[in-house]
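This report concerns only the one structure given below.
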Amino acid sequence: MIDKNFFEKTCVELTFSDKYDKEHAIKYYHKHQQGFWRKLSHWREEQMIREALKTAGDPLSVLDLPCGAGRFWSLLSENKERRIYAADNSPHMIDAAISLQPIEITQKIHTFQSSAFDIQVEDNAVDCVFCIRLLHHIGEHEHRLELLREFHRVTRDTVIVSLWVDGNFKAWRRRQSESTGSHTQNNRFLVSRSDIEAEFKASGFDILEYHDFFPKYAMWRTYVLRKIR
Ligand SMILES: C[S@@+](CC[C@H](N)C(=O)[O-])C[C@H]1O[C@@H](n2cnc3c(N)ncnc32)[C@H](O)[C@@H]1O
């Protein structure tokens, strides 16, 4: 799986990436298991992902990138035939995932540390690149294109990707607070649907389908893309 001959190239570095140290990794694992709303949100995310995997043709090899604390490893393992690779920029996130997820799940996952902009695998390595909750951290058009082109190189067939899009109440409210300067967080970005869909096309993908977390209200959208050969 790992291409030993991969060549060094300049790799995009995101400022938010540094925050995933050991302490943050453990916090991130627990965060998604706490409270009614978090649990409901995780349940809904899993529902969208099951649909997305179905649309992607139930891929037999998946690269979960970034895998974070392994939130979706048990879901991805539901298909017993599936080979699961999992990577993250932060070695602390990978360590947290391995130590906190059940052993019967982790023993089937092949993990490695990698930037999503420079994935250390050969071309067409997997059937599906599975990228949840990374793209909304990428504010620059050129950086998103770079990421998508790298996914295009690594997938044989599909990509499942989630991000924040416009065209809903939360996006409208966010734009309002951004325009009045009352918005403080600057490491998560909202992208217009027309921009991201043009970027998918420019990187060599067709959109097979998308699923909205809560149509017309929430910003989260999960796209299923197919590589144009
Ligand atoms: C919000 S978490 C999402 C993790 C997981 N997909 C989930 O939904 O639970 C973002 C993850 O992106 C990872 N990350 C940050 N920059 C990255 C990069 N350039 N390449 C790969 N992973 C990165 C972080 O270490 C962190 O685990």
Side-chain angles (χ1 to χ4, degrees), residues 2 6 8-34 38-50 52-53 62-77 84-101 105-106 109 111-121 125-126 128-140 142-151 153-155 159-164 185-190 211 213 218-223:
I2 309 279
F6 90 100
E8 293 288 333
K9 64 179 178 185
T10 333
C11 178
V12 172
E13 289 191 14
L14 306 170
T15 47
F16 98 101
S17 302
D18 293 339
K19 76 174 186 180
Y20 293 91
D21 58 14
K22 193 171 174 185
E23 192 190 341
H24 194 93
I26 293 167
K27 264 197 206 149
Y28 189 83
Y29 171 80
H30 291 295
K31 182 174 103 174
H32 285 278
Q33 306 196 330
Q34 279 162 359
R38 290 260 185 224
K39 284 184 184 155
L40 183 68
S41 158
H42 180 66
W43 171 82
R44 173 66 187 132
E45 226 172 340
E46 285 203 324
Q47 201 179 40
M48 290 193 300
I49 287 167
R50 282 201 179 87
L53 285 166
V62 171
L63 172 61
D64 178 14
L65 174 62
C67 64
R71 241 174 9 116
F72 300 110
W73 288 359
S74 58
L75 185 160
L76 291 170
S77 305
I84 304 163
Y85 303 93
D88 199 287
N89 195 55
S90 160
H92 304 293
M93 288 305 271
I94 300 173
D95 288 348
I98 292 171
S99 63
L100 296 165
Q101 296 292 340
I105 298 290
T106 57
I109 317 270
T111 57
F112 59 100
Q113 194 263 328
S114 178
S115 163
F117 294 94
D118 187 11
I119 310 170
Q120 295 168 42
V121 298
V126 289
C128 177
V129 173
F130 176 78
C131 180
I132 304 297
R133 294 191 182 223
L134 176 65
L135 205 49
H136 74 306
H137 285 295
I138 306 176
E140 299 286 326
E142 279 308 323
H143 292 170
R144 288 195 298 271
L145 281 182
E146 204 160 315
L147 183 86
L148 290 167
R149 287 185 189 128
E150 183 64 348
F151 289 174
R153 180 185 74 76
V154 167
T155 186
V159 169
I160 294 172
V161 64
S162 73
L163 74 152
W164 283 355
Q185 216 175 21
N186 61 358
N187 67 10
R188 297 197 287 177
F189 305 91
L190 170 58
H211 299 277
F213 183 88
M219 295 188 283
W220 282 114
R221 173 172 283 191
T222 301
Y223 282 95

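Just so you know, residue 1 is the first one in the sequence shown, and it goes up from there. Numbering of ligands and ligand atoms starts at 1, following listing order. Quick caveat, the model's predicted, so the values are computed rather than measured.
Residue contacts with ligand 1 include S114, since one or more of its heavy atoms lies under 4.0 Å from the ligand.
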- prompt: Step by step, would you call R153 with E150 a salt bridge (Lys or Arg N to Asp or Glu O under 4.0 Å)?
  reply: CA-CA 5 Å; R153 180 185 74 76; E150 183 64 348; 3.0 Å; yes
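The protein heavy-atom contact nearest to atom 13 (C) of ligand 1 is D88 OD1, 3.4 Å. Of the protein's heavy atoms, Y28 OH, 3.6 Å lies nearest to atom 2 (S) of ligand 1. Here the heavy atom of the protein found nearest to atom 23 (C) of ligand 1 is N89 CB, 3.3 Å. Considering only non-hydrogen protein atoms, atom 9 (O) of ligand 1 sits nearest to R71 NE, 2.7 Å. The closest protein non-hydrogen atom to atom 16 (N) of ligand 1 is S17 OG, 2.6 Å.
Shown in contact with S90 at under 4.0 Å from a heavy atom are these atoms of ligand 1, numbered in order with element: 25 (O). Counting atoms of ligand 1 from 1 in the listed order, those under 4.0 Å from a heavy atom of S115 are 19 (N), 20 (N). Annotation for ligand 1: atoms under 4.0 Å from non-hydrogen atoms of F117 are 19 (N). Close approach to F72 involves these atoms of ligand 1, each under 4.0 Å from a residue heavy atom: 8 (O).
Side-chain contact between E45 and R71: present, with at least one pair of heavy atoms (C-beta onward) separated by less than 4.5 Å. Annotation: side chain of V121 is in contact with side chain of F112 (closest heavy-atom distance under 4.5 Å).
Ring orientation note: the planes of F130 and F72 are nearly perpendicular, at an angle over 60° on the 30°/60° scale. Using bins of under 30°, 30° to 60° and over 60° for the plane-to-plane angle, the ring pair H24/Y28 lands in the parallel bin.
Distances between N or O atoms of P66 and those of ligand 1 include at least one value under 3.5 Å. Ligand 1 has an N or O atom lying under 3.5 Å from an N or O atom of I132, backbone or side chain. Considering backbone and side-chain atoms together, Y20 places no N or O closer than 3.5 Å to any N or O of ligand 1.
Remark: side-chain polar atoms of D88 are not paired, donor with acceptor, to backbone N or O of P66 under 3.5 angstrom. The backbone N or O of F151 lies less than 3.5 Å from no partner atom in the side chain of T155, so there is not a single donor-acceptor pair. No donor-acceptor pair under 3.5 Å is formed between the side chain of T222 and the backbone N or O of S162.
Around atom CD of E23, no more than 12 heavy atoms belonging to other residues, nucleotides or ligands sit under 6.0 Å away.
Residue nearest to atom 21 (C) of ligand 1, selected from C131, A116, A87: A116 (by heavy-atom distance).
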